[in-house]
Number of protein chains: 2
Amino acid sequence: MRTALIDAAARILATDGPRALSTRRLAAEVGASTMAVYTHFGSMDQVRHAVRTEGFARLDAALDRIPRTDDPVADLTADALVYLDAGLADPEMYRAMFVDRPPPADTDPGSGLFQRLVASVRRCIDAGRFDAADDPLPLGWAAEIWTMQHGMVVLALGDVLPTDQIRFLLADMTYRLAVGFGDDPTAAHRSVRKRRRPRRTKR
Amino acid sequence: MRTALIDAAARILATDGPRALSTRRLAAEVGASTMAVYTHFGSMDQVRHAVRTEGFARLDAALDRIPRTDDPVADLTADALVYLDAGLADPEMYRAMFVDRPPPADTDPGSGLFQRLVASVRRCIDAGRFDAADDPLPLGWAAEIWTMQHGMVVLALGDVLPTDQIRFLLADMTYRLAVGFGDDPTAAHRSVRKRRRPRRTKR
DNA sequence: GAGGGTTCCATATCGCTGTTATATACCGAC
DNA sequence: GTCGGTATATAACAGCGATATGGAACCCTC
């Protein structure tokens, strides 16, 4: 029942947006009464929290499917593009995860994503691509890369640019940052190009 | 009356968040009945739209207050920091402007901000700081800089880092991007440092 | 100054929302 | 078979956005 409710909630969210995700609509979707929602979750906020957690799990799985190569900058690019594609594939889910207000003091289920970024940046540093001594904060560059990824998805969701241009722009920005982080321009260009092509199938 | 309602709405938003911005609360705040809201605006969505427009006007005014110098990269940094400070000064307003869902087909009152960015980037190119031939799209780098600014504000609003570290990080990221765009590293460093200090007074 | 038209707002109401109290049905343990 | 606890349905509450209706205030014209 719990998972059925979460799935139904994610479905309603994806098709009709967050305004449509109401107690009665959700209960009707699984053929139950509204009390089912309150037995398994305490409130609609906790339903949304569960949906968010589910979204993070899916994104985590999508990122896990990317093979690691011996080129950490190319891997970083691939990660960023998958992140973007995930946002484009289910914009409402992305908004639920990163945009809409999380309840205060919500233990953020997305922190794992950040740890992943930290590891990716570390690989670039260990491989001698980024200049370690230059990072201004312990996790500064990882934060900068997340800033890039999230900003790009938001740009894409506001559909100010067609999605193929967004992908191109994200690749370009990754390249610029890599160079800014100390990577050799021609090496960075090669790495980014390597991973720009394979547009993954939307789920 | 209209402006009184807008001001009251902005006040409610800033103090108690978007959930508190209801017809009845808004009407009570100005000592009127709910019909006043529907006479001057057609719906609560249009109230929110008006608040957003007001927010853009304030941000525009704040950016207008920054003097232009003969160092366009330093100016770009200053703009970014003021943008960040505006978001930190009134998070709910920032969310209303850039985060919460704008009604569909809402003619975006924020497009002026983007034109401003385009002009700033153009100045860097004209001054020979950025390499013009390298920009992948007509407005690509302006979009990348906005991505950085917005991503940083969101990072700050999620308070994952103290605000002074965020300011430092934004300055660093501006530096990295400038270098990626072709600026000389030492020149970029000097420009960014020049404008990193003066933390503007919160409004 | 009086009339007529228009604009603005208060009252009351509708259908919706999240949430909860109450009562019933089910289901495993003894 | 009966008990105890859990899960669900029904019904209700306050609050929400929105609207229909009616009255009050204004302004222009004569």
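To find a chain, count down the sequence lines: A is the first, B the second, and so on, and within it residues start at 1. Below, each value reflects all heavy atoms present in this structure, side chains not excepted, and no hydrogens, waters or symmetry copies.
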Exercise. Would one find a side-chain N or O of A/T39 under 4.0 angstrom from OP1 or OP2 of D/dT8?
Worked result: yes

For this session: Look at B/H40 and C/dT7 and indicate whether a side-chain polar atom (N or O) is within less than 4.0 Å of OP1 or OP2.
Result: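 The answer is no; no side-chain N or O of B/H40 sits under 4.0 Å from OP1 or OP2.
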
Problem set entry | Passing option when B/E92 is tested against B/V99, B/L13, B/T15 for side chain to side chain contact (heavy atoms under 4.5 Å, CB included) |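 Option passing the side chain to side chain contact (heavy atoms under 4.5 Å, CB included) with B/E92: B/L13.
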
Specify the separation, in whole Å, of atom [atom1] of [X] and atom [atom2] of [N].
X: A/R2; N: D/dA7; atom1: CZ; atom2: P; result: 12 Å
X: A/L26; N: D/dT8; atom1: CG; atom2: P; result: 13 Å
X: B/Q46; N: D/dT19; atom1: CD; atom2: P; result: 11 Å
X: B/M1; N: C/dC9; atom1: CE; atom2: C1'; result: 9 Å
X: B/L5; N: D/dG17; atom1: CG; atom2: P; result: 14 Å

Exercise. For A/R116, does the CZ atom have more than 12 heavy-atom neighbours from other residues, nucleotides or ligands under 6.0 Å away?
Worked result: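 Yes, CZ of A/R116 has more than 12 neighbouring heavy atoms, counting only those of other groups under 6.0 Å.
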
Determine, for [X] against [Y], whether the closest basic-nitrogen to carboxylate-oxygen distance falls under 4.0 angstrom.
X: B/D172; Y: B/R176; result: yes
X: B/D79; Y: B/R68; result: yes
X: A/D45; Y: A/R48; result: yes

Exercise. Once each nucleotide of nucleotides 10-19 of chain C is scored for protein heavy atoms under 4.0 Å, what B/S/- sequence comes out, 5' to 3'?
Worked result: BB-B---BBB

Problem set entry | Degree of bending in the helix from C/dG1-D/dC30 to C/dC30-D/dG1 once both end axes are built from five pairs, to 10° | 0°

Exercise. Which heavy atom in B/A142 sits nearest to a heavy atom in B/V118, and how many Å separate them?
Worked result: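 It is CB-CG2, 3.8 Å.
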
Exercise. If you round to the nearest 0.5 Å, how far is CE of A/M44 from CG of A/L26?
Worked result: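 A/L26 atom CG to A/M44 atom CE measures 5.5 Å (nearest 0.5 Å).
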
Exercise. Hey, does B/H150 have a side-chain heavy atom less than 4.5 Å from the side chain of A/H150?
Worked result: yes

